[in-house]
Amino acid sequence: MRHLFGFSILLISLVSCGEMATDGYLIKGTISGDIADSTKVYLRKSDADLQPVESDSTFIAEGSFTFTGKINEPRLYYIFIEEVSGGIPLILEDGNVDVTAHKDSLNAAIVSGTPQNEFYAEFLEASRNLAQKRNSINREMRAAMSAQDTANMNALRDEFFELQEEGLNFEKEFIGSHPDALISALVVNRMIQMKSVPEEVIQSLYNSLSKEIQSTTIGVSIAEKLEASMRTAIGSKAPNFSAPTPEGQDLSLNQVLGKVTLVDFWAAWCRPCRAENPNIVRVYGKFKDKGLSILGVSLDRNAEAWKKAIEDDGLSWHQVSNVRYFDEIAELYSVTAIPASFILDENGVIVAKNLRGAALEEKIAELLP
């Protein structure tokens with residue numbers, strides 16, 4: 001199970017004491033280990049893509065550092081130390097935040113002092129326990145593979161899938177019981193990015209968040225992403241679009257709708273896409289005479305590479321591309337990773353998404369018996 005922000009990092013909540021922030025926030029950090037005075041410390045906030053962007057900096061003096069300022073909403077931040085690997089995530093909000101770490105193990109830092117960091121610590125503690133179980137399964141799986149123990153490998157695979165389900169259920173329950181936690185919103189945002197949960201479930205989880213959390217920067221971003229993703233939710237009418245064919249003629253989705261239509265986002269540079277292409281070729285050959293239409297939407301940046309891949313892979317169906325990577329068509333369909341696909345009925349309504357291998361053929365066979 002994948003998690004954002006290094007979810008293996010342990011943040012244990014403690015009772016904060018000492019100097020208090022009277023207006024705004026006060027971060028008090030203590031770093032042990034062999035670290036020189038005047039070593040630079042960076043405070044970085046997460047941007048719209050949850051990547052760290054520098055916000056402030058200071059210097060270590062006698063193993064300590066401080067940051068002060070004001071913030072109008074809780075937000076994910078990181079602390080980095082010059083020439084020290086790793087980083088310390090924290091939820092920055094007005095109040096006292098205490099950070100205690102050793103320079104050789106920033107990922108074991110202790111962060112405490114404000115409600116949002118208490119929520120964060122609670123979530124990450126449970127996530128760490130799940131990660132330990134996952135690591136144990138991985139070790140046993142490697143041993144079983146080395147011993148060619150097929151029976152044990154199958155059992156461990158089932159155990160891994162059960163653990164994934166356990167992790168997903170934990171996250172849903174946590175969000176439902178912590179509507180005021182920023183980490184709840186961050187987890188909902190990750191679910192959208194990973195496309196690991198149906199849109200209607202994500203919408204319900206978002207609706208359970210408090211109005212205060214929904215109004216944060218990440219909360220507003222989630223609402224925008226949900227609005228976009230609901231355009232291509234199962235049961236929605238697929239948005240029409242048009243783009244040039246390899247021959248330079250403009251072709252729209254509505255022009256190629258069949259009894260069943262597969263809209264396939266791919267690219268010549270995408271190895272998983274190219275690996276799936278033989279399966280799509282086979283399915284198309286089997287069902288095209290029954291009414292299957294396919295529209296390939298390439299996210300290539302090089303027209304010649306796109307055309308060569310069409311020829312090399314024997315893709316005999318309709319193809320279009322703006323040759324602009326993740327362009328406005330990808331944005332329209334909330335496609336952030338490929339391969340991605342949508343199956344439409346004869347009315348252009350989305351009936352399935354992102355099916356590959358045997359699952360793709362089974363669905364097409366169901367729709368075109």
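Position 1 is the first residue of the sequence, and the numbers go up from there.
Taking hydrophobic clusters as Ile, Leu, Val, Met, Phe, Trp and Tyr residues chained together by side-chain heavy-atom distances below 4.5 Å, Leu299 does not share a cluster with Ile310. By the criterion of side-chain heavy atoms lying less than 4.5 angstrom apart, applied directly or through intervening Ile, Leu, Val, Met, Phe, Trp or Tyr residues, Ile192 is grouped together with Leu209 in one hydrophobic cluster.
A distance-only check finds no donor-acceptor pair linking the side chain of Gln319 to the backbone of Pro246 [under 3.5 Å]. Checked by atom type and distance alone, the side chain of Glu93 pairs as donor or acceptor with a backbone atom of Gln116 at under 3.5 Å. Under the 3.5 Å distance criterion, the side-chain polar atoms of Arg274 are matched with a main-chain donor or acceptor of Ala268. Remark: side-chain polar atoms of Ser210 are paired, donor with acceptor, to backbone N or O of Pro179 under 3.5 angstrom.
Note: Phe174 and Phe123 have perpendicular aromatic rings, judged against thresholds of 30 and 60 degrees for the angle between ring planes. Ring planes of Phe67 and Phe65: perpendicular class, angle over 60° (limits at 30 and 60°).
Interatomic distance, CG of Leu295 versus CG of Leu257, reported as 9.0 Å (0.5 Å rounding). Interatomic distance, Ile222 CD1 to Ile202 CD1, rounded to the nearest 0.5 Å: 9.5 Å. Atoms OG and CD1, from Ser55 and Ile71 in turn, are 8.0 Å apart once rounded to the nearest 0.5 Å.
For CD of Gln255, the number of neighbouring non-hydrogen atoms (other residues, nucleotides, ligands) closer than 6.0 Å is greater than 12. For Glu331, the CD atom sits in a loose shell: 12 or fewer heavy atoms of surrounding residues, nucleotides or ligands are nearer than 6.0 Å. Open room surrounds NZ on Lys45; 12 or fewer heavy atoms of other groups in view lie less than 6.0 Å from it.
When all heavy atoms of Asn354 and Ala340 are compared, the pair lying nearest together is OD1-CA, 3.2 Å. Residues His318 and Ser293 approach most closely at CD2-OG, 4.2 Å, considering heavy atoms.
Checked against the 6.0 Å centroid criterion, the rings of Phe265 and Phe326 do not qualify as a close aromatic pair.
In this structure, Arg44 forms no cation-pi arrangement with Tyr78, as its terminal cationic atom is not both closer than 6.0 Å to the ring centre and no more than 45° off the ring axis.
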### Task
Quick one: do Glu159 and Lys133 satisfy salt bridge (charged side-chain N to carboxylate O under 4.0 Å, His left out)? Show the steps, please.
CA-CA 10 Å; Glu159 188 177 344; Lys133 293 180 182 179; over 6 Å; no
